[in-house]
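Working notes, structure below.
In what follows, every chain begins at residue 1, and chains take the letters A, B, ... in the order their sequences are listed.
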4 protein chains.
Amino acid sequence: MPKIVDHNQYRQALLDQCFDLFAEKGYSTITMRQIAAGLGVSTGTLYHYFPSKEAIFEQLVEEMIQRDMLQVSSEMATAKTTSDRIKRGFEFVERKQDYFFKQLLIFTDYYQQIRQDSNQPNVLERVCERIQPKISEILGIHDPQVAQFVFTFVDGICVSQIYGCNAANFSTHLQLLLKMLVAYLEKYEPSFLETEKL
Amino acid sequence: MPKIVDHNQYRQALLDQCFDLFAEKGYSTITMRQIAAGLGVSTGTLYHYFPSKEAIFEQLVEEMIQRDMLQVSSEMATAKTTSDRIKRGFEFVERKQDYFFKQLLIFTDYYQQIRQDSNQPNVLERVCERIQPKISEILGIHDPQVAQFVFTFVDGICVSQIYGCNAANFSTHLQLLLKMLVAYLEKYEPSFLETEKL
Amino acid sequence: MPKIVDHNQYRQALLDQCFDLFAEKGYSTITMRQIAAGLGVSTGTLYHYFPSKEAIFEQLVEEMIQRDMLQVSSEMATAKTTSDRIKRGFEFVERKQDYFFKQLLIFTDYYQQIRQDSNQPNVLERVCERIQPKISEILGIHDPQVAQFVFTFVDGICVSQIYGCNAANFSTHLQLLLKMLVAYLEKYEPSFLETEKL
Amino acid sequence: MPKIVDHNQYRQALLDQCFDLFAEKGYSTITMRQIAAGLGVSTGTLYHYFPSKEAIFEQLVEEMIQRDMLQVSSEMATAKTTSDRIKRGFEFVERKQDYFFKQLLIFTDYYQQIRQDSNQPNVLERVCERIQPKISEILGIHDPQVAQFVFTFVDGICVSQIYGCNAANFSTHLQLLLKMLVAYLEKYEPSFLETEKL
DNA sequence: AATGAATGAGAATTCATTCAT
DNA sequence: AATGAATGAATTCTCATTCAT
């Protein structure tokens, strides 16, 4: 690990590496010593950059969201037609399936944590507030409900990973979602049918 | 506290009450003392009925699955037509939305737990192995993929609860799923259209 | 286990079986449940016959001593000459080597226990007070020091068992003790030489 | 409490102080809190230096043996004649009688502990394997059996302490052992008689 | 800035003992 | 007399956090 002089930059570098650590062990199971060891620093150093375990976790969640939003935007920037956007969107999700799965684990852990003391600002609420319009925008679908449907289903696929059914693999699920979506759009948004060929 | 004669019966009674406790606090967050207090017994008594915290959790998961399977079967017993089955199925899920949400939290907790020592028999695998055919049977849908789709989506709705978006409420989600499903079945399983009116 | 009507007799029957249990696990390591299980009774029954774990232990020690004194006396009753007494005495020790070893473990455990609260009557003191003259009597040796020497050495052999050296086996040790003893008696108690042939 | 730089050195310093603690209370009776208090540190610190109570105990036993071997060697280094060696050897034992007694208590405790799980490497076996030749060397006695006899008897004296007989004091016992030994050597190893005057 | 020794409250678990049946 | 369910204090051990160096 190279010594990065800038305090804030180093903090973010540490945060990056925390993602897998938290995803693999879980927030309450992982210890500060394990985190420190995983990052290759001492506990003292860890506390030099973060005030508490909780703070690391929160900053991690915040960081993740920010990063994701940016990445999605940049990935989608060049897509023009709706069918192109949908195709790219699904590819994006498929490519990052492992990441989304780990994120789900982190989010549920986070949810359990914050519900204990309710006076905490809920970062998760902001997640969906910001992600949902993004999905609408990406897919070029006007009905927000439908955009949310896609989002929800992707979450569902992530969850289904924990059951470990080999049948339930990510890509097959996505294929079916796509077919569902088209069937629905053809039926309820005929305008979609006229303009696009998938 | 009266002396309960049947050891096994009392054990199950305690298990029932554990569900909410685990769902609210999370497996690793809740302490044995808290569980004992929640059940109105001493820690000693708790250990008289369960060898460890882990054992309580596993027995709880097993018990839950068994109970759910039985309940679903009995609820669906009298439904005859496919549309009737679908309607009842969705009603069932909607009615127990709170329960399913808590179950999701418990399951993700459980997943994080067992992945640590991988040589453990995975109860979750059995969950989906047994639930999936049940759903096919209930909905009267031949394509197992589609049945799985419904299951996965319901999981997705549960997850979306953690984001706390007021928009994303359970019932609305289910409505949309139903519409999607019908649109899909009409397109790809025309036989469905002929026999049923939803 | 046959039901013995007499309370006291049953108590002693239980006590007998406790010897091996305490010897194998150690006083502080063995639990009342393990004792109860080993005796084939419930903990409730155990407490019906003994007020506490400590009491079982003390009664066991007392019982053991009583029994040993009686047995030694009866075994030696018919021996007439000194050499005969010595021979029999050594045979007796050799035959019960396993028993004496376990007794040592129990005695050291007991010692650790009673030294904590010093106002307890020390049963062990009575052990040597009563055993020592017995040995003098058995061996027909006038010098009490020498009798004590034999006693002490036998204890030493018991201890050496814990080192597990295969070299240090009980019988060989006893042989040497015998030779030592004779050499000593020949040198310092010439009267011994005149009257006996070993 | 000053920060001690050398981790290993401090660990040994703690170990030293543990000897009396274990000897006085016994392995299973003493608690980690009591040990910590006795050492003047917190339980956390104790666990910082030793992974478990068992580990402290084992390290203590190992340490003891090492130290004893070294000390004996250095004490005996300047003794030339056999009678000088025997005299010094007996003085050494007498001087450290209190230590040897405590060691016996610790060893029997240790024995009870390891016999539970038999796959443990037995440190006690190594004790006698290394001590026995040492005694032969010290006393300059060729017959290993006789050396072992002395060792065993010293153990016996230690045990006899637990009976608390005031008669059975350490020094008197040793005197008699010496006389026995000489009588035996004179009878069976006449070469001994020729060269030495005790 | 970086370290890791030190802390002690709190976790899971055990166990002698009590007591209703 | 016999049972075993119930208790809760005490045990071993963990871990987030602090702080001297």
Would you mind telling me which of [options] lies closest to the side-chain atoms of [X]?
X: M32(B); options: dT17(E), dC13(F), dT13(E); value: dT13(E)
X: T43(B); options: dA5(E), dT17(F), dA9(F); value: dA9(F)
X: S52(D); options: dT3(E), dA5(E), dC13(F); value: dC13(F)

May I have the distance from [X] (atom [atom1]) to [N] (atom [atom2]), rounded to whole angstrom?
X: Y47(D); N: dA9(E); atom1: OH; atom2: P; value: 17 Å
X: D6(D); N: dT3(E); atom1: CG; atom2: C1'; value: 16 Å
X: K53(D); N: dT14(F); atom1: NZ; atom2: P; value: 15 Å
X: Y49(A); N: dA16(F); atom1: OH; atom2: P; value: 21 Å
X: I35(A); N: dT17(F); atom1: CD1; atom2: C1'; value: 13 Å
X: F50(D); N: dA5(E); atom1: CZ; atom2: C1'; value: 14 Å
X: L39(B); N: dT7(F); atom1: CG; atom2: P; value: 11 Å
X: L46(A); N: dC15(F); atom1: CG; atom2: P; value: 15 Å

Distance under 6.0 Å and angle within 45° of ring axis: K102(A) vs F22(A):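 Relative to the ring axis of F22(A), which defines the angle, K102(A) lies outside at least one limit.
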Under a 4.5 Å cut-off applied to non-hydrogen side-chain atoms, are Q112(A) and T29(B) in contact?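 Result no, sub-4.5 Å side-chain heavy-atom pair not found.
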Do the side-chain N or O atoms of [X] get closer than 4.0 angstrom to the phosphate oxygens (OP1, OP2) of [N]?
X: S42(D); N: dA6(E); result: no
X: H48(B); N: dA5(F); result: yes
X: H7(B); N: dA5(F); result: yes

Closer than 3.5 angstrom, by distance alone: can the side chain of K25(B) be matched with the main-chain N or O of I35(B) as a donor-acceptor pair?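 Looks like no, no N/O pair under 3.5 Å.
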Mark yes or no for whether R115(C), through its side chain, and E24(D), through its backbone, hold a donor-acceptor pair below 3.5 Å.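 Checked: pair present.
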Report the residue (R33(C) or G44(D)) whose heavy-atom-nearest nucleotide on DNA chain E is the more 5′ of the two.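 Residue closer to the 5' terminus by nearest nucleotide: G44(D).
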Opposite nucleotide pairing with dA20(F), Watson-Crick or G-U, both atom distances under 3.5 Å: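 Base partner found: dT3(E).
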From F107(A) atom CZ to Q113(A) atom CD, the distance as rounded to the nearest 0.5 Å: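 One finds 15.0 Å between CZ of F107(A) and CD of Q113(A).
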First encountered from the 5' end of DNA chain F, between I30(D) and T45(D):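 Whichever sits nearer the 5' end wins; that is I30(D).
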